[in-house]
Amino acid sequence: MKIANLSQVSSLGAGHSDPLEAGAFLFFALLSTFLGIACLAVESPLLLLVAFSTLLAFSFKSPKLCLSLILAAAIFQNTILASLSGHIPSDDLFKASQGVNFLTFSAFGSIFAVVCLTTTDPRIMRHKRKVMLSALLLAVLVVYVAIGAKNANLASAIVYFRQSSILCFAFICGLYLGARINEKFLWDILLVTAIIVLALGFFELFFPDEFYTLLQVGKFNSFKFQNNPELHHPELIAKSTEFSWLNLTGDYALDIKARKLTGPTLHNISFGYVIAFLALTCLYRSRYFLFLASIGLLIYVGAKGPLAICLAALLVFSLLQLTRTKARSAEKIVVAIAVAYTALVIAYGIKSIDLHVLGLLSGLNSIFHSPMGHGLGMGGNLSDAARASRDIVEYRASGVPFAIESATGVLLYQIGIFTSLLILVFLSAAKGLRSVAAKDRKATVFVASLYFLFCNTLFQEESLAPAAAGLFFLLYGFLISNSDRVETSLDKFP
């Protein structure tokens, strides 16, 4: 084995890193995302294709840029889109622009899948089964796009392919990039990202009108929420977004009112997942001030799924730091808590007729009637059936005829027994993270987060979004692959 000098290692993405370098990469990625959406805004798909192809080729040679682009698209896409929404001429172009994060994940993920399945590099060969499993789920989803296009329509089928496939593409990207990038660069760029996200979150919290005006959120909402005119005016948005904290229904006097914060994702739940993702990394890296700031903001955001992830990770971290609890023992405790949490949510949901729980039960019930599923685009919040549905109050009274709100429930309804492949992907990631934790006990916090992320898929469709499962599985894949990385290897990765 040859030994690399510093400059050679750096050329492989493995050298010294610092927050300034990470910030420069993130800035370039944000600028590239801005220019990409701008190309769509001026109705120049050819220019976008040329620019994206060039950037893709360059990113393939620069894994750090690739990671930066994925983070920029997953977290900041809607912030950039909002700032340009005043120049977007049509609703169709706006919807196309919302697919930039999927385009980024899927383009890199597809290329990296081919590389990972054909490489002889030992750093990635041991994870080939994980890539193959993710690719198998992607293949099944493609088949069910055709079935969904026949039973529903192609547009709805594609929407749900995009929603359900992000996790696989992200996992593949993480497995590839973890073998090529020094772990320090990952933590540096996530530190920079956390500072930016928290700054935007607290800015929105204390100066909502200025936040919505500066980012042109009113214009963004005029495309996204055409039937809610009060959301089209920046000065009215804060007053119009009151909700029940943690989405509690009011039973047992649990009905606390709060104002929705949307952050850079311009979506309350997705913002919660972004905060949870960054809080997890801050906790692992002992950035306690940023972690506490993240938790405080997350509590106000009121997204119980992301909050549960953070609390589970904090419990594991505390057990490992303050007691002699072994990593596997801490993991077993988290599994027990996750099972109890799931049972509690289901019990409370049945009692309060919560649509998230009803949606899960509808998906489970559909397995007995249509074990092969109905096709992507059939059922779910984003389906035509849901958009044309009756009043929610009526559904709560008479039952839901198709799966909604629950990511797992919707997949059970759409692809039937093949939802087991999604469970296998989670188990595969858990096995890999367990190996990471065997070398670094603190990494058990990521194992804990994965179990609770799966719990969240039972009750939230948003849990599989790019800013949710997309980010978490990018991180999981990176850590699994990076833990086997040989720092001094000069063998070039294909």
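This one's a predicted model, so the numbers in the text were calculated from it and none came from an experiment.
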Subject >> E21 and D18: CA distance, side-chain angles, deciding distance, side chain to side chain contact (heavy atoms under 4.5 Å, CB included) verdict >> reply: CA-CA 5 Å; E21 181 196 14; D18 60 68; 3.8 Å; yes
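- Taking each heavy atom of F271 and T262 in turn, the nearest pair found is CB-O, 3.3 Å.
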Subject >> From CA spacing to verdict: side chain to side chain contact (heavy atoms under 4.5 Å, CB included), L355, L358 >> reply: CA-CA 5 Å; L355 284 180; L358 294 182; 4.0 Å; yes
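- Of all heavy-atom pairs spanning A467 and Y273, the tightest one is O-CB, 3.6 Å.
- The backbone N or O of L458 sits less than 3.5 Å from a side-chain atom of S406, completing a donor-acceptor pair.
- Rounding to the nearest 0.5 Å places CG of L136 at 5.0 Å from CG of L421.
- The side-chain heavy atoms of R162 and F169, taken from C-beta on, include no pair separated by under 4.5 Å.
- The side-chain heavy atoms of I295 and F291, taken from C-beta on, include a pair separated by under 4.5 Å.
- At distances below 3.5 Å, at least one donor-acceptor pair connects side-chain atoms of N456 with backbone N or O atoms of G305.
- The side chain to side chain contact (heavy atoms under 4.5 Å, CB included) with L278 is formed by just one residue from the set V197, L290, L198; it is V197.
- Side-chain contact between V334 and F452 is present, with heavy atoms from C-beta onward closer than 4.5 Å.
- S156 contributes no side-chain N or O that, together with a main-chain N or O of N153, makes up a donor-acceptor pair within less than 3.5 Å.
- The nearest pair of heavy atoms linking L412 to S366 is O-OG, 3.7 Å.
- R285 places none of its side-chain heavy atoms less than 4.5 Å from the side chain of L191.
- Using a distance-only test at 3.5 Å, with no hydrogens or angles considered, no donor-acceptor pair links the side chain of Q163 to the main chain of L464.
- Side-chain contact between Y341 and Y451 is absent, with no heavy atoms from C-beta onward closer than 4.5 Å.
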Subject >> Verdict with reasoning, F76 to T33, per side chain to side chain contact (heavy atoms under 4.5 Å, CB included) >> reply: CA-CA 9 Å; F76 299 103; T33 305; over 6 Å; no
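- Relative ring orientation between Y413 and H374 is described as parallel, the plane-to-plane angle staying below 30° on a 0-90° scale split at 30° and 60°.
- Between the OG1 atom in T281 and the CZ atom in F446 there is a gap of 7.0 Å [rounded to 0.5 Å].
- One finds the CG atom of L475 at 13.5 Å from the SG atom of C173 (value rounded to the nearest 0.5 Å).
- To the nearest 0.5 Å, atom CG of residue L26 and atom CD1 of residue I189 are 5.0 Å apart.
- By the 30° and 60° cut-offs, the orientation of the rings of F473 relative to F426 is perpendicular.
- L154 has its side chain within reach of V145: a pair of non-hydrogen atoms, C-beta onward, lies under 4.5 Å apart.
- Counting only heavy atoms from C-beta outward, the side chains of F102 and I166 approach each other to under 4.5 Å.
- Applying the salt bridge (Lys or Arg N to Asp or Glu O under 4.0 Å) criterion to K150, with sequence neighbours excluded, gives no partner residue.
- Formation of a donor-acceptor pair under 3.5 Å by the E461 side chain with backbone atoms of I404 is not found in this model.
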**OP:** Please step through side chain to side chain contact (heavy atoms under 4.5 Å, CB included) for the pair Y160 and Y144, ending with a clear verdict.
**Re:** CA-CA 10 Å; Y160 271 95; Y144 274 86; over 6 Å; no
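- The aromatic rings of F112 and F108 lie parallel to each other, with less than 30° between the two planes, well short of the 60° mark.
- Applying the 6.0 Å contact sphere to CZ of F203 captures more than 12 heavy atoms from other residues, nucleotides or ligands.
- Across Q226 and D91, no two heavy atoms sit closer than the pair NE2-OD1, 3.1 Å.
- Under a 3.5 Å cut-off, the side chain of N221 and the backbone N or O of H232 do not form any donor-acceptor pair.
- Aromatic ring centroids of F202 and F211 lie 6.0 Å or more apart.
- Judged purely by atom type and a 3.5 angstrom limit, S463 uses its side chain to pair as donor or acceptor with the backbone of Q460.
- Heavy atoms only, all atoms of each residue included: C310 and L298 are closest at SG-CD2, 3.7 Å.
- At least one donor-acceptor pair closer than 3.5 Å links the side chain of T419 to the backbone N or O of G416.
- V445 and L280 make their closest contact through O-CD1, 3.9 Å (heavy atoms, listed as atom of the first residue, atom of the second, distance).
- When the shell of 6.0 Å around OH of Y288 is examined, it contains more than 12 heavy atoms from other residues, nucleotides or ligands.
- Of the residues listed (L471, I75, L177), the one engaging I70 in a side chain to side chain contact (heavy atoms under 4.5 Å, CB included) is L177, and it is the only one.
- Listed for the N101 side chain is no donor-acceptor partner under 3.5 Å among the backbone atoms of A74.
- By the 4.5 Å heavy-atom criterion applied to side chains, V447 and V316 are not counted as neighbours.
- Summarising the geometry, atom CZ belonging to F34 is positioned 11.0 Å from atom CG belonging to L81; distances are rounded to the nearest 0.5 Å.
- Interatomic distance, L84 CG to I37 CD1, rounded to the nearest 0.5 Å: 6.5 Å.
- The main-chain N or O of L103 is found under 3.5 Å from a side-chain atom of S106 such that the two form a donor-acceptor pair.
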